[in-house]
There are 2 protein chains.
Amino acid sequence: MKNIEEYCKDKNIKLTPVRHKVLELLQNEKSGLGAYRILDLLREAGFNSQPPVAYRALDFLVEHGFVHKIESQNSFVACTDPGVHHSPVFMICKKCESVSEAPTFETASNISDALMATGFNVEQTIIEAEGVCSTCSEQ
Amino acid sequence: MKNIEEYCKDKNIKLTPVRHKVLELLQNEKSGLGAYRILDLLREAGFNSQPPVAYRALDFLVEHGFVHKIESQNSFVACTDPGVHHSPVFMICKKCESVSEAPTFETASNISDALMATGFNVEQTIIEAEGVCSTCSEQ
DNA sequence: AAACCTCATGATATAATATAACATTACATA
DNA sequence: TATGTAATGTTATATTATATCATGAGGTTT
């Protein structure tokens, strides 16, 4: 969080209270949070709680790479490596519902390369793996 | 389609009229279709048009691998290789909106392997690439 | 044939996710 | 001060998806 605050100050990006709060909420969660769950938590924290409030904050955070959207869940998670451009790969545990970002693999960019070779010009990849995390597997 | 019809007959899977129609609609489209767009098309074709009708048909088709869901669009596309178990990789063109299924790459299963190596037990992968297709790139 | 089971469909309502549109405020700076 | 830009407030509505209970269609058992 400190890093992000500095990054924003440096780049003159406005991490306003509501944006800061949403980011904080996401950083405190291992699972993805839906926009309306975030909205509830904002309300509890004393913020205005109309849907656009949450969606705007999320748009901002996603746009700046501080948060990722998990497409298969319509949920959001904090980025574990903000500021560094990357193609995230997510591991979604169906037992404990944790969502974790895999350390960047060559294989992620290999997919892009393979698709590029077919003539398709990749701009962004969405990669989400569903399964059981190591902790849950051990039990 | 013929193949799927035979496959269903063989396995005693019921490809009812509404399911058949939804599959046909998707096979005639290069883009993904949303459930409510499908619903409209069903209505035009004289079918009952309440939401559960479309969702049930889609659930069935997805379950049997005849159709895939495009998570980043909440849309659906016909599978280009039905009956064969695979981890699809989609290429989504943001110009012409076409969605095409990439020929199966080693790299898709490499991702699984790499994640498995970290202890995460992959059961399913969702891989969607956004960009510009070869046809649109040439223009 | 009657009773029964299972799966599919019909029908209504509502939940969950997301955005459009326009008004207002806050702050930087010309 | 006034003017521009970005952020926030506010209301309404669009879009996507599911819960629930009723009805029907087709086999299977007795």
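From a predicted model like this one, the values you see are computed outputs, not experimental measurements.
Summary of the strand contacts: A:Gln50 and A:Phe60 both lie near DNA chain D, and taking for each the nucleotide with the nearest heavy atom, the more 5' one is attributed to A:Phe60. For the pair B:Arg56 and A:Arg56, both in contact range of DNA chain C, the more 5′-proximal nearest nucleotide belongs to B:Arg56.
B:Glu130 has its side chain within reach of A:Gln124: a pair of non-hydrogen atoms, C-beta onward, lies under 4.5 Å apart.
Taken to the nearest 0.5 Å, the CD atom of B:Glu128 stands 4.0 Å off from the OG atom of B:Ser72.
Regarding contacts with the backbone of D:dT16, every side-chain N or O of A:Asn74 stays at 4.0 angstrom or more from both OP1 and OP2. Residue B:Tyr55 places none of its side-chain N or O atoms closer than 4.0 Å to OP1 or OP2 of D:dT18. One finds no side-chain N or O of B:Asn48 lying less than 4.0 angstrom from the OP1 or OP2 phosphate oxygen of C:dT9. Side-chain nitrogen and oxygen atoms of A:Lys14 include none within less than 4.0 Å of the OP1 or OP2 phosphate oxygen of D:dT8.
Taking 3.5 Å as the limit, the base of C:dA18 and the side chain of A:Tyr36 contain a donor-acceptor pair of atoms between them.
Nearest to the side-chain atoms of A:Thr16 among the listed nucleotides D:dT18, D:dA7, D:dA17 stands D:dA7.
Going from atom CG of A:Asn12 over to atom C1' of D:dA7 covers 14 Å, rounded to whole Å. Taking atom CG of B:Leu15 as the reference point, atom P of C:dC7 lies 17 Å away to the nearest angstrom.
Annotation: A:His68 is in aromatic contact with A:Phe90 [ring centroid separation under 6.0 Å].
Ring orientation note: the planes of A:His64 and A:Phe60 are tilted relative to one another, at an angle of 30° to 60°.
Looking at heavy-atom distances under 4.0 Å, A:Arg19 makes contact with sugar-phosphate atoms alone, never a base.
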